[in-house]
Structures are given as structure tokens and as C-alpha cells.
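In what follows, a structure is listed as C-alpha cells, so that the remarks can point back to it.
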Amino acid sequence: MTLVGGGPGAVDLLTVRAWRALQTADVVVADRLGPVEILAELPPHVRVVDVGKEPGRHPVPQERINELLVEHALAGAHVVRLKGGDPFVLGRGGEEVLACAAAGVPVEVVPGVTSAVAVPGLAGIPLTHRGVTTGFHVVSGHCAPAADVSDPQVPPVTHTSDTSGPLDAAALSCVRDGTATLVVLMGVRSLGAIVAQSLAAGADPGTPVAMVENGSTPEQRVTRSRLDEAAEVAAARGVRSPAVVVIGRVAAAGLLEATSERRLAGAGV
């Protein structure tokens, strides 16, 4: 079995190794996100098994996905598990490797371009930038309450002194102290909880936030706001998953434009 990271969505962000694995596959077990357009270009004999998940809808449980990989591999097929982003960055790829190992199925891992880095970059947001920050922290927003901030019926967030929520201590430190950029994957539905928890921990209400939807696709869209207004702005703009949320000074509008202007002026170009 070959575990392939397909990148954030654009087919041309697939690695050469990933493309070669797909060309030799007998069975491709594919997610909803990632470079799904490549499936139409596979050789006609390749069987595609759709196990895609949507927010709040998981028609094929992870345990069944694991079983499918093992069943097809033990039947003699070259199985490619095509996942969006990188399989080991909040992609449950480790669980699939363990399931195959337990059944005696060897696994080759093909890393992918993770959306945590690629999507902000495509939107002109550097996760690190000299003089601004030298590190970043990536977390999942899945463990927060399920209120959908894209629903106009969701009431405004009430900020309290309760610091419980989806962010761990390291993530809170990033936001509160500005020590690193915070990147939240799968965090649209939990954005209100993230904002409330960050403010309760002492974060600056004016901390820049950028929400990048559908990164690397023609539908890519960037929404920016202050931290204390992020949930309300997201609701007003109808921000929906898949989206990457970036919190920190690098999310400020015009950061690279201002830097580029200074460099070009100094270089005499």
C-alpha cells in the first residue's frame, strides 16, 4: 500500500513521486479534499473508492477505511491511499499505517504539501518572517463545540474568563505572547471558541487573523479581521471549510507588499 499526500487541492502541487504512484495503482482510496481532479486522468482499469468526509458527515468511518486498505492489498492490488495535504499532518495517516502493519501489509509513505503551510503561502501570508516571527504552531480545531460560525443564526460570541477550549497551552502562548504564528486546520466551526479562549487568556484583541478558504483552487478567498471580531466577520462573509485560519502578526494585510516595496526601492529595480 502506498500512502500518498496529495497536497491542498491543485493537481500541479502533487509531487512527482505521488503522480508516479497513482499511475501504477490498481485501487485508489480517495478523500473528498485534495487533488481529486487527478482521478479523472487515471488509467481506465483503476478502481476508485470514494471515502470522502464532510463536516458532520462521515459516511465511511475511519475503521472501515482501514479495512478497505487491508482487504484490497491482501487481494493482491497495489493500493494507493490518496489523502489531501500531508497524511501525517492531522490526516490520520498514522492510523492507516498501523492498521496495515497489523495485517502484514507493507506501506510506502509519499509525503504531501501540507495545507498548513501551502495555503497561507498561496495567499501571500508567510508563516515566518524576519523581524516578525521565527516559528509557527499547527493545531486542529475539531475538538471545539460544533456551532457553525457561517450560520447567520449563530449569536455573537460572548467572551468570558474561561480559558478552556480547543487550544492547548502552546497554542494559547502563541496567540497571547506573539511568540509564533498559530495555524488552525479544520477550525471554521470552532472559531468562536478559539476567539473566546484566546481573549480570556489575555491575547491582544487587535491580533490579525486571516481565513483562507479553498486554498490553491480557483475558489480561493481570503478574509481578514481582528481577533476579537473574527467569528462575526467569518459569519458575515459566509466563511466555510475547507479553510486554514492564521492568527498572528504575519496575517496582517500588506505585510509582504510593504516589504517588497522597501526591497525594490533599495535594489534600484
Side-chain angles (χ1 to χ4, degrees), residues 1-119 138-144 146 166 168 183-187 189 215-216 241-242 244:
M1 199 273 284
T2 306
L3 179 64
V4 171
V11 171
D12 56 359
L13 288 178
L14 270 171
T15 65
V16 173
R17 186 176 297 185
W19 183 85
R20 288 174 177 166
L22 287 165
Q23 296 306 303
T24 61
D26 299 308
V27 177
V28 176
V29 180
D31 281 347
R32 176 179 68 95
L33 302 178
V36 293
E37 292 179 3
I38 197 67
L39 299 176
E41 302 178 19
L42 296 178
H45 73 275
V46 179
R47 178 181 177 184
V48 176
V49 181
D50 180 6
V51 295
K53 303 174 184 177
E54 299 179 21
R57 181 176 177 271
H58 299 170
V60 185
Q62 183 63 50
E63 292 74 16
R64 180 53 185 156
I65 294 174
N66 297 347
E67 293 171 354
L68 286 168
L69 299 176
V70 170
E71 289 170 5
H72 286 292
L74 291 180
H78 174 207
V79 182
V80 169
R81 173 67 170 113
L82 179 62
K83 302 177 76 68
D86 182 276
F88 288 166
V89 179
L90 300 176
R92 305 188 73 169
E95 298 174 40
E96 295 170 359
V97 169
L98 289 173
C100 288
V105 175
V107 178
E108 177 189 1
V109 177
V110 179
V113 178
T114 173
S115 61
V117 175
V119 168
V138 181
V139 296
S140 167
H142 258 183
C143 56
D168 58 23
V183 182
V184 185
L185 303 183
M186 302 169 288
R189 298 181 70 181
S216 84
S241 64
V244 176

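The basis for the numbers below is simple: all heavy atoms, side chains too, and nothing from hydrogens, waters or symmetry mates.
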Can you see which heavy atom on P106 is nearest to which on G104, and at what distance?
CD-O, 3.5 Å
Taking C-beta and beyond as the side chain, do I38 and L22 meet within less than 4.5 Å on heavy atoms?
yes
For the side chain of K83 and the backbone of V4, is there at least one donor-acceptor N/O pair under 3.5 Å apart?
no
Answer whether the closest heavy-atom distance between the side chains of W19 and V11 falls below 4.5 Å.
no
Atom CD in E96, atom CD in Q62: separation rounded to 0.5 Å?
4.5 Å
Heavy atoms only: give me the nearest G5-P87 pair and the separation to one decimal.
CA-CD, 3.4 Å
Under 3.5 Å, side chain of T114 to main-chain N/O of D86, donor-acceptor pair present?
no
Report yes if the side chains of V49 and V28 come closer than 4.5 Å at any heavy-atom pair, otherwise no.
no
Least distance between heavy atoms, C100 atom then V70 atom:
CA-CG2, 4.1 Å
Do other residues, nucleotides or ligands put more than 12 heavy atoms under 6.0 Å from R47 CZ?
no
Taking all non-hydrogen atoms of both residues into account, name the closest pair between V46 and A25 and its distance.
CG2-O, 3.3 Å
With T2 as reference, evaluate H78, R81, R17, R20 under the side-chain hydrogen bond (donor to acceptor under 3.5 Å, both in side chains) test and give the passing residue.
H78
Closest heavy-atom contact between G76 and D26?
O-OD2, 4.4 Å
Would you name the heavy atoms of P35 and G7 that are closest together and state the gap between them?
CD-O, 4.1 Å
Are L13 and P8 packed together at the side-chain level, in the sense that at least one heavy-atom pair is separated by less than 4.5 angstrom?
yes
Among V119, V117, V184, side-chain contact (heavy atoms from CB on, under 4.5 Å) partner for V244:
V119
Apply side-chain contact (heavy atoms from CB on, under 4.5 Å) to D50 and V60, showing your working.
CA-CA 9 Å; D50 180 6; V60 185; over 6 Å; no
Is it true that atom CD of E67 has more than 12 heavy atoms of other residues, nucleotides or ligands lying nearer than 6.0 Å?
yes
Should L14 and D12 be marked as a side-chain contact (heavy atoms from CB on, under 4.5 Å) after you check the CA-CA gap, both sets of side-chain angles, and the distance that decides it?
CA-CA 5 Å; L14 270 171; D12 56 359; over 6 Å; no
Are V183 and V139 side-chain neighbours, meaning at least one heavy-atom pair lies under 4.5 Å?
no
What I'd like to find out is whether the side chain of V110 reaches to under 4.5 Å of the side chain of L3, using heavy atoms alone.
no
Any non-hydrogen side-chain atom of S241 less than 4.5 Å from a side-chain atom of R189?
no
Kindly indicate whether the side chain of V138, heavy atoms from C-beta on, has any atom under 4.5 Å from the side chain of L185.
yes
